[in-house]
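Below you'll find the structure, written out as structure tokens, and then a few comments.
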There are 2 protein chains.
Amino acid sequence: MELSKGVEWALHTCLNLSWIEGGEAKTTAELAAYYDLPQAYLNKQLQALTRAGILSSTPGPRGGFRLDRDPEQLSLLDIVVAIEGRVAAFACEHLLADGPGGDASVDYALTCVLSQAMSRAELAWRRELASSSLADIRREVEAKYPQTPGATRAWFLTARADGRRLARR
Amino acid sequence: MELSKGVEWALHTCLNLSWIEGGEAKTTAELAAYYDLPQAYLNKQLQALTRAGILSSTPGPRGGFRLDRDPEQLSLLDIVVAIEGRVAAFACEHLLADGPGGDASVDYALTCVLSQAMSRAELAWRRELASSSLADIRREVEAKYPQTPGATRAWFLTARADGRRLARR
DNA sequence: GTCTGCATACTCGGATAAGAGCTGTCCGAGTAGCTTAGG
DNA sequence: CCTAAGCTACTCGGACAGCTCTTATCCGAGTATGCAGAC
């Protein structure tokens with residue numbers, strides 16, 4: 001039970017995109033170069049975010065990705081689910097159905113006490129992630145590290161200038 | 001991000017063992033037959049539980065596994081960790097260290113706001129699992145399905161009688 | 001009858017394959033902008 | 001000089017391998033039991 005690395009990348013990339021906000025799209029190459037990530041694989045994650053309606057993409061020159069949702073309305077859970085697909089689903093259906101006195105017509109996810117306990121834990125996890133919006137994170141970072149937004153913006157400006165070099169990676 | 005099937009098996013098997021309690025050890029074959037599980041693979045999970053000090057094992061004839069800890073002192077988290085090993089650890093260390101202004105000497109797991117948010121969620125999950133002991137689960141099952149403990153005990157008695165047949169599986 | 005030694009069968013334990021999913025990579029479809037030729 | 005068509009280069013998107021971890025299996029080490037033989 002390990003989270004994909006893509007989740008980490010997606011979270012930080014969404015945060016960076018929320019600071020850009022020039023209405024300007026950022027390419028996979030730029031976003032990957034920021035953290036020195038494999039370009040093509042990050043692109044795969046960005047595709048997933050686009051399918052989920054979190055980012056919007058435009059092909060061709062001057063294309064790239066931009067944030068397509070209000071950070072206030074974008075929770076960490078949205079991002080995690082977009083990348084991971086399904087989340088750890090724990091259900092005892094087959095187990096109890098195959099045991100003595102098992103009944104295939106019963107939904108054991110609802111009756112099994114252990115299954116319910118595991119679901120409560122999973123729910124607590126989801127609730128915690130759903131309670132933090134990207135805007136919350138942004139505010140917290142700005143409070144702790146006031147220079148971060150400006151530094152990030154500046155980096156991406158120079159990156160645009162050096163675009164040709166980045167593309168060679 | 002999917003939990004091992006072994007977690008589910010381990011939870012139910014520990015619950016069953018807590019009902020047996022005759023001081024008598026149950027073999028992998030018996031425990032596996034109860035849910036019609038692959039014997040050798042369940043054995044692997046039981047080994048992990050033994051290494052974690054949750055079960056105790058005795059080899060040879062009349063051997064098997066028995067619960068080696070007070071159900072009051074055994075949380076669901078203990079069992080999950082025993083099977084899964086490590087739990088979903090989310091840390092942004094390498095990511096931020098490789099970014100602009102990254103510093104290899106900084107522990108970003110403590111400074112990164114996103115990492116902290118993810119840790120809070122994981123903590124909520126662990127706390128929820130740690131708050132349920134096996135004894136709690138047992139009490140709840142006995143309240144909802146009073147006949148279950150007796151039925152389980154009875155099944156394992158006949159299984160002992162039919163031991164030879166089970167071993168052929 | 002009782003004790004001792006041995007053979008037997010049984011159970012766990014770790015070492016060993018097969019499959020699924022995550023990780024990483026590459027090339028094609030489509031588009032914006034530049035170039036160039038014509039009016 | 002202005003316009004328009006074509007070309008170029010750039011970017012996303014999905015299809016294609018490599019690798020780690022989960023799933024599944026098998027055989028060997030060690031032990032309690034039952035039996036046989038001696039005292």
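Since we're looking at a predicted model, the values are computed, not measured. Throughout, a chain's letter reflects where its sequence line sits, starting with A, and its residues are numbered from 1.
Here A:Phe90 pairs with nothing under the ring pair (Phe, Tyr, Trp, His ring centres under 6.0 Å) rule; sequence neighbours left out. Residues forming a side-chain hydrogen bond (donor to acceptor under 3.5 Å, both in side chains) with B:Glu72 (at least two apart in sequence, or on another chain): B:Arg139. By the side-chain hydrogen bond (donor to acceptor under 3.5 Å, both in side chains) test, B:Asp78 is found to be paired with B:Arg69, B:Ser75, residues two or more places apart in sequence or in another chain being considered. With sequence neighbours left out, B:Trp19 forms a ring pair (Phe, Tyr, Trp, His ring centres under 6.0 Å) with no residue at all.
Counting only residues at least two apart or in different chains, side-chain hydrogen bond (donor to acceptor under 3.5 Å, both in side chains) contacts with residues 105-126 of chain B comprise B:Asp103-B:Ser105. The list of salt bridge (Lys or Arg N to Asp or Glu O under 4.0 Å) pairs with a residue in residues 6-20 of chain A, not counting sequence neighbours, is empty.
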Could you spell out the base pairing of DNA chain C as a dot-bracket line? Use Watson-Crick and G-U wobble contacts where both distances are under 3.5 Å, [ ] for crossing pairs, | for partners on a different strand. |||||||||||||||||||||||||||||||||||||||

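Distance B:Leu95 CG to C:dT23 C1': 16 Å, rounded to the nearest Å. D:dC26 atom P lies 13 Å from atom CG of B:Asn43, rounded to whole Å. In this structure, CG of B:Leu42 is placed 16 Å from P of D:dC26, rounded to the nearest angstrom. Here the P atom of nucleotide C:dC12 and the CD atom of B:Glu30 are 9 Å apart, to the nearest Å. Rounded to an integer number of Å, the gap from CZ of B:Arg62 to P of C:dC12 is 13 Å. When the C1' atom of D:dC10 is taken as reference, atom CZ of A:Phe65 falls 14 Å away, rounded to whole Å. Rounding to whole angstrom units, CD of residue B:Gln47 and P of D:dT25 are separated by 15 Å.
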Atom pairs, protein N/O to nucleotides 21-23 of chain D N/O, distance under 3.5 Å:
{"from": "D:dT23", "atom 1": "OP1", "to": "B:Lys5", "atom 2": "N", "distance (Å)": "3.2"}
{"from": "D:dT23", "atom 1": "OP2", "to": "B:Ser4", "atom 2": "OG", "distance (Å)": "3.4"}
{"from": "D:dT23", "atom 1": "OP2", "to": "B:Tyr41", "atom 2": "OH", "distance (Å)": "3.1"}
{"from": "D:dT23", "atom 1": "O5'", "to": "B:Tyr41", "atom 2": "OH", "distance (Å)": "3.3"}

Per-pair distances, 0.1 Å, donor-acceptor, side chain in residues 10-18 of chain B, under 3.5 Å, sequence neighbours excluded:
{"from": "B:His12", "atom 1": "ND1", "to": "B:Tyr35", "atom 2": "OH", "distance (Å)": "3.4"}
{"from": "B:Thr13", "atom 1": "OG1", "to": "B:Trp9", "atom 2": "O", "distance (Å)": "2.7"}
{"from": "B:Asn16", "atom 1": "ND2", "to": "B:Tyr35", "atom 2": "OH", "distance (Å)": "3.3"}
{"from": "B:Ser18", "atom 1": "OG", "to": "B:Leu15", "atom 2": "O", "distance (Å)": "2.7"}

For residues 47-61 of chain A, tabulate all N or O donor-acceptor pairs below 3.5 Å that involve a side-chain atom, not counting sequence neighbours.
{"from": "A:Thr50", "atom 1": "OG1", "to": "A:Leu46", "atom 2": "O", "distance (Å)": "2.8"}
{"from": "A:Thr58", "atom 1": "OG1", "to": "A:Gly64", "atom 2": "N", "distance (Å)": "3.4"}

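Within a heavy-atom distance below 4.0 Å of DNA chain D, the residues of residues 50-59 of chain A found are A:Arg51, A:Ser57, A:Thr58, A:Pro59.
Taking the six-membered ring where the residue is Trp, B:Phe156 and B:Tyr34 present parallel rings, their angle staying beneath 30° rather than reaching 60°.
Here the side chain of B:Pro61 is nearest to one of D:dT31, C:dC26, D:dT25, namely D:dT31.
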